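A short worksheet on the structure shown next.
Read the numbers this way: they start at 1 and go in the same order the structure lists the ligands and their atoms. Not measured: the values here are computed from a predicted model.
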Amino acid sequence: MELGELLHKERDYSRDEIIYLLNLKDTRDIHKLYSRAQEITNEYFGNMVYLRGVIEFSNYCSEHCMYCGLREENLILPRYRMTAEEILQTSKNIYNSGIRTIVLQSGQDSFFDTDLVSYLIYSIKRQFDVAITLSLGQRNFEEYKTWKIAGADRYLLKHESANPKLYATYHRKAKLDDRIQHLKYLKRIGFQLGSGNMVGLPLQTVEDIADDILLCRELDVDMAAFGPFIPANNTPYQNKKAGSTELTLKTIAVTRLVMRSSHIPSTTSLDSIDTFGREKGLAAGANVIMPNFTPHPYREKYLVYKNKRGIKFEPSEAHLAIKNRIEAAGKKVAYSKGHSLKMRVTA
Ligand code: 5AD
């Protein structure tokens, strides 16, 4: 099939077609892919970019992911937990900036148990008219349900790799199948679901990335997040090569072709390996940016990977810088909750 035809096809993309698109080498072809992805994005979202304010409230983590700087074995990283008061104050800062989604993010930290997280959700919802996304790692089914009832709207849990062998290699033999059961349960009980992977992880092939995209389609995710792998200090992968901007952008663009109306973020990790990472992501099919509102002195300690961009800034400055960059790219910031289009909820 000719490239133009492939980019405009209506029915579902096959695995081979996805692999073919991810393997495009000719610069003009790659740009055709990006511009088709942006065209589809515009059909669904116009030129609006949705913002989600992130609070990284704890960098304690009981997991052992080979790629991640928060892994429990990293004894060099200073650990912190924000207090409930600090988290509520940061939520207020996000609300006052006009942003209407608050993302509560942490390592897998059981100190923030069922009740404490429910208290946070309930307190935020009572004070502010916002959507809440939880990004707390793989917890248990009862907790997910309690948090949904407490008022949380979305759950972000990346599948990280759809290849069971690689998944076990990265996660000390943990099972991909368990992860998928969690994702399906979250969707079933009514969370808007976010998932995704890292591009350029050690041992990963283009075929694996195609399977990551297909898993997002199978799970019918409301947000598909793909950022480059970046080595993190004090981890087994600290000397590995980072993923590339180009392959990440191709992944975003193909995901847009396959998923159509799903949200896709232009991630901080992409912006950390490329001066114009955010802009390039938005020009290749992304429609969401997640500004980091974590206050000092915690901000500089959420070191998932090396050279994370923006950690030295004041949170409010970082948000304004992002807003300026979105507008300079000819787009507009959407100050709304930005619910999934699949939910048919307007806000
Ligand atoms: N590079 C890029 N992203 C990473 N993450 C973890 N470690 C890295 C890394 N080295 C992402 C993972 C995970 C989240 C905590 O951050 O996708 O879901």
**Q.** Among Tyr185, Tyr144, Phe141, the one residue meeting ring-ring contact (aromatic ring centres under 6.0 Å, His included) with Tyr155
**A.** Tyr144
**Q.** Protein residues having a heavy atom less than 4.0 Å from any atom of ligand 1
**A.** Tyr67, Cys68, Lys158, Glu160, Met198, Pro228, Phe229, Ile230, Val304, Tyr305
Q | Joint cluster assignment, Tyr298 & Phe313, ILVMFWY side-chain distance < 4.5 Å | A | no
(Q) In this structure, is the centre-to-centre distance between the rings of Tyr167 and His159 below 6.0 Å? (A) no
Q. Thinking salt bridges, do Asp271 and Arg325 make one under a 4.0 Å N-O criterion?
A. yes
Q: Decide, yes or no, whether a salt bridge links Lys125 with Asp153 under the criterion of side-chain N to carboxylate O below 4.0 Å.
A: yes
Q | Sub-6.0 Å ring centroid separation between Tyr67 and His171 | A | yes
